[in-house]
Protein chains: 2
Amino acid sequence: MTWTPQDDPDRSPEVPAGKTRDALRAAHLYYMQDLTMDAIAAELHTSRSSVSRLLSHARASGLVEISIHSPLDLPSRLEQAIRERHEIAAHVVPVPDQASDVDRLDRVALSAARILGRFIDSNQLVGVAWGSTMSAVSRHLVPKSTHNSEIVQLNGAGNLRTTGILYASELLRRFGDAFGAKVQQFPVPAFFDDPATKEAFWRERSTKRLLELQGRLDVALFGVGSPFAEVASRVYQGGYLERDDYAALSADGVVGDVATVFYRADGSSDGIPLNERATGPDFGVLRRAPRRICVVSGRAKLPSLRGAIAAGLITDLITDEGTARALVDERTPSAP
Amino acid sequence: MTWTPQDDPDRSPEVPAGKTRDALRAAHLYYMQDLTMDAIAAELHTSRSSVSRLLSHARASGLVEISIHSPLDLPSRLEQAIRERHEIAAHVVPVPDQASDVDRLDRVALSAARILGRFIDSNQLVGVAWGSTMSAVSRHLVPKSTHNSEIVQLNGAGNLRTTGILYASELLRRFGDAFGAKVQQFPVPAFFDDPATKEAFWRERSTKRLLELQGRLDVALFGVGSPFAEVASRVYQGGYLERDDYAALSADGVVGDVATVFYRADGSSDGIPLNERATGPDFGVLRRAPRRICVVSGRAKLPSLRGAIAAGLITDLITDEGTARALVDERTPSAP
DNA sequence: GGTCTCCTTGCACGTTTGTGCACGCGAGTT
DNA sequence: AACTCGCGTGCACAAACGTGCAAGGAGACC
């Protein structure tokens, strides 16, 4: 050991410089020189298990990045088809058809989290919706250090019983930590009871500041809600909407929502009363973001996905293989 | 399985499309979704061992790329020091000091081969020297598909006993294969016996064409020779030079060579008679390449390396830790 | 100074992965 | 048709790896 154990002013406190140095060195030896962990342990004067942990750390903290390049002549047929048909850059996550919905979501979220680093960079304003898909993604993010980026919450998270702020802040915090970004919370319920309250709130200066941020996002990240699918999105599970609301949605021909804003199969969202009480950004606002990434898992969400595409909300899609296949399959109905 | 097992017009014959598709899928599942090989075997309806081999193939053929990012605030002190002192971008390969020279070369070559993909791209003219270092590198290249690139041999390879063409072509072929590039051989001995022969040869149209290519390289790749070090470079081992030649080099104060062209500690190469018979490009020509990558392993080559730096031949250096450390150490003498 | 807590380390074990070998299939040859 | 050669496959074993656990060490707080 020749280096001194000096501390470093790392962005995330906790991690001493020595550890990062060792992890880096271990990663070089392991991934660039194909040494075994045993050999590396000898070089670093530590135990093999520590090297194993060091390498885990190196992967989890983004020191090591593993990327997969398709040969240009062999891009996934599905991705190509989606690109051609919908003008959307798709990332299809291979998942066997018989996988459970939970598995599927997990696997898509894991892949999504790892792909995300490519989209998010310094000096960017990143909008993140609140929902079960985003929550799953947030648990697997690979850190990437950026400067001067901000994470902006797109829609409220409270429901009738809890303020939801804890969950939402946890989710947002994970994004903020992963990218070294400042976090802008939006402490409102998912839906207001009374449109008037929303309007009042929207006149508050703190709210205006946030809405202004939402209006100039560089990247928006969201899932889609699927009100009538077997596996309901979080928005439809616990106390966010009442029986009457559902009836109204049904009557309006709603097929899904993005960040609490509902839309029909043709992508239209005008004249849906519930949207007067929603807290997410109007689609016109959302569409100002040059890059709009949607993560979708499960064929049950296909109608919602089709609607979101029709609404022109999506520029980049991350989804599982089954859903992707169904999306390009003409025979699959686009309405439920 | 829904896709058909159709063949593909791959650039390298041999590899069927199905294999690449499977490898790609396996890589996704393994590296993006953290499945075990067992689980992947089940999804691909094959055995675990095949998956292991599939993944090896995916790594070796560049489908999977593993890169290591230092946090910007923690670049290797050595790399930083070299950058500041010599205006060279350095890649330091960690190798323990007690490693043997053979180990050292192997490990540097392995790392170098894996870094190389970052430098070589489509539509480039890449010059490659012939020597033991380049030979070691060539054995570990990771393929990367490029279009319209060419590999150009920088110096001849024959000696008194063999034409060396076989070895040289093998080395060049590996580079060509790895990058899908055309290969321009240079079928001459390393040194001519008589300067007049060289001059005559240099007037040949086929030679002129090659020299013209050498004059507009995008990337040059070479090691350094070290005539008086304990472990002599290939150029000094078998039958390339005679006793008188060595004496002459010594008298001229030569400290090393790049692609058969000799230089002194101060980087000068004029007035060295042997260079009249050398087949490598004049340094003035070599320096026209915007990127000049030098791979050096072993402190014995330090004086040669210093000379090459003094001659301004190097823009990017790949070397082992010990050599890098010695390079920035003021106390290490720069002449042998 | 004590002690409490949290973090790190190495060990031991079970799991996961790499690889030599033998088998089997298909193409090309005689 | 028989043969051979090359290649891909799975098996079985050995090597390499991940992780729960208990012990040790460094603060932090009393």
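Each chain gets a letter, A, B and so on, in the order its sequence line appears, and its residues count up from 1.
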B:L116 vs B:L221, side chain to side chain contact (heavy atoms under 4.5 Å, CB included): CA-CA, chis, key distance, verdict: CA-CA 10 Å; B:L116 223 51; B:L221 184 61; 3.6 Å; yes

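- Rounded to an integer number of Å, the gap from A:L44 CG to C:dT9 P is 11 Å.
- Taking every side-chain heavy atom of B:S49 into account, D:dG10 is the closest of D:dT19, D:dG10, C:dG18.
- Atom-to-atom, CZ of A:R53 to C1' of C:dC11 comes out at 10 Å; the value is rounded to the nearest Å.
- Note: CG (A:D34) to P (C:dT17) measures 17 Å, nearest angstrom.
- A:S47 comes within 4.0 angstrom of a nucleotide base, judged by non-hydrogen atoms across all strands.
- B:H45 has its NE2 atom 14 Å from the P atom of D:dT9, to the nearest Å.
- OP1 or OP2 of D:dC17 has not a single side-chain nitrogen or oxygen of A:S52 nearer than 4.0 Å.
- For A:R48, the side-chain atoms get nearest to D:dG18 when compared with the rest of D:dG18, C:dT17, C:dG10.
- Regarding A:L54, its CG atom lies at a distance of 15 Å from the C1' atom of D:dC17, rounded to whole Å.
- If you take OH of A:Y30 and P of D:dA16, they are 10 Å apart, rounded to a whole angstrom.
- For A:R59 and A:Y31, the side-chain atoms include at least one donor-acceptor pair closer than 3.5 Å.
- Electrostatic pairing of A:D22 and A:R53 does not count as a salt bridge here, judged by no charged N lying under 4.0 Å from a carboxylate O.
- Nucleotide D:dA12 holds its C1' atom 14 Å from the CG atom of B:D38, rounded to whole Å.
- Backbone-only engagement by A:T46 is indicated by non-hydrogen atom pairs under 4.0 Å involving sugar-phosphate atoms exclusively.
- B:K301 has no carboxylate O lying under 4.0 Å from a charged side-chain N of B:D101, or vice versa, which leaves the two without a salt bridge.
- With rounding to whole Å, A:H57 atom NE2 is found 15 Å from D:dG18 atom P.
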